[in-house]
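Let me begin by presenting the structure, written as structure tokens, before commenting on it.
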Amino acid sequence: MSEFIQYTLQGLAAGGFYALSALGLAVIFGVLGVVNFSHGACYMLGAVISAVLLAELHVGFWVALLVVPILMYGFGVLMERLLVRWLLALDPLYNFLLTFGLTLILVEAVKQRYGVSGLPYEIPAGLGGQVTIGSVNLSVYAIFACVFSVVVCVGVGLALTRTRIGMIVRAATEAPERTRALGINVGRWVTPVFGFGIALAGLAGVLAAPTRAITAEMGSNFIIVLFAVVVIGGLGSILGAVVAGFLVGLVEAYGIAYAPTYAQIVIFVLMALVVLVRPSGLFGREEIA
Amino acid sequence: MTDDTTSTASSAGARTATASAPAAERRSRMLEVTGLSAWYGEARVLSDVSIDVAPGEVVTLVGRNGAGKTTLLRSVMGLHPQMQGTISLDGADLGRRSADARARAGIGWVPDDRGIYASLTVAENLLLPPVVHPDAWPIERVYEFFPVLHERRDFPGTKLSGGEQQMLAMARVLRMGSRLLLLDEPSEGLAPVIVQRIGEIIREIKGQGVGVLLVEQNVKFASTVADRHYLLAQGQVVEHLGNDDFTAREGELLTYLGM
């Protein structure tokens, strides 16, 4: 029982990284119609920048938690303005290829500069060690990562449901063409939404930094799982992305703990099952399938 | 400009047979489509179509599936880039203006799938578009006219019945203050009593000087609300009739349309 609770916490913490990133992927896909393959690389950049800030500028975790998403927002804005924008009118496949190519460039660039062995990053002071609740030992950092992700997801959820900008983003995510036909200049929101989505991936990277091996390749597996998350949650559903993010984190953690041989495929079995029962995903709408 | 004169001449010819087209309204055209052709890839779906709508006038596009009716509405809305010809609103050429600019200029789109957002509540569906004209209905008036929308205002938009969703889609463009409504088969799949209610709403809108371009396959319904009718077949206007002629020839038209 005690072990089960530990695995659950680890799953929820990992799920938080997925949820934050999938949320970004979902709004970008919704508003721009772009499947951002570089989302895993942006998550990796978030973690690498945190490690570099610490090693070279002695900027700690708490500052990184604020600064890295801002830097990644800027990176996303540049990426949208300089590259993605010019391909929006073409088949979505072009932007998929563009972001795929960008991923290769980012990964190789990080390898060139920082090598293939992991960069060090310690759990920040005050969040190390374990806390004992009853007979269960839980990692303080895992609790923090989990709570922090939930708070950010809830915050984004409130911003999406309680503000006019949020309402426009939801509408544009669901049906961009119709939203334009109702007098809303969807194009004006394209750059900020793209930057915001990338910033969320970067934030997930910062949160992951103290618990993961920080390497150029850390995003490669991440993006594949992220696509599974989006398919399970339902393409174009923001709530679906968040719920499926935590769900996949849990399933992955239980898989590693109880069926290590099959750990790599449990998520995809889950994805196959969901798609069999509900082709448009858990929260997807019928017409999207 | 030359296009404009030729279309006036040709539609004037067509109108000699249509006694019920009021002459006074002809001068103040709200929507004017001239020589519109449209394509889907290689396939031509509209050929040289010219139609117009005056303020306070209800004009229908009648024709079989695939006649190009919806493409015409989408072209007017600026959602179908593969087109040639001119579309002007209140005398101003819309050219290549974007769909959102057209909506802000006063065109209100009610698509055939109603276009209700599942991720927005009924109230949010109504409040999403900007108000584009001083004659826009205030939200209180919308709720007074459509009490069911007030009752269900916090429900997700798609939890409404088909008829209620149609009301919502129409209420949304009235709240916006659109001056020209593009209604794509509003009666499709709805119970007769609801179709009747939609007819009442269209007459109410008409009374306020709003122009309506209505795509309809339900000939009976069309004849109860419209002033003029364009018959479309294979992407061309084959007949242009006033409502009296249209009603008189209803049986013949039904056969012709295969309905």
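Lettering of chains follows the sequences in order, A, B, ..., and the numbering in each one begins at 1.
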Cut-off 4.5 Å, heavy atoms of chain A, and the answer for B:Ile116 is backbone
From A:Arg178 CZ over to B:Met77 CE, what is the distance, rounded to the nearest 0.5 angstrom?
->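 Interatomic distance, A:Arg178 CZ to B:Met77 CE, rounded to 0.5 Å: 13.0 Å.
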Interatomic distance, CG@A:Leu239 vs OG@B:Ser119, rounded to 0.5 Å, equals 10.5 Å
Please give me the minimum heavy-atom distance between [X] and [Y], naming the atom from each residue.
X	Y	value
A:Ala181	B:Leu79	CB-CD1, 4.1 Å
A:Glu174	B:Tyr117	OE2-CA, 3.2 Å
B:Pro129	A:Leu182	CB-O, 3.3 Å

Count the heavy atoms belonging to other residues, nucleotides or ligands that lie under 6.0 Å from [atom1] of [X], then report whether that count exceeds 12.
X	atom1	result
A:Phe100	CZ	no
A:Ile165	CD1	no
A:Phe227	CZ	yes
A:Arg188	CZ	no
B:Glu144	CD	no
B:Gln84	CD	no

Counting distance only, does the side-chain N/O of [X] pair as donor-acceptor with the main-chain N or O of [Y] below 3.5 Å?
X	Y	answer
A:Arg180	B:Asp100	no
B:Glu124	A:Met167	no
A:Arg164	B:Leu128	yes

Heavy-atom distances under 4.5 Å only: say whether A:Thr161 touches chain B with side chain, backbone, both or neither.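 The backbone, not the side chain.
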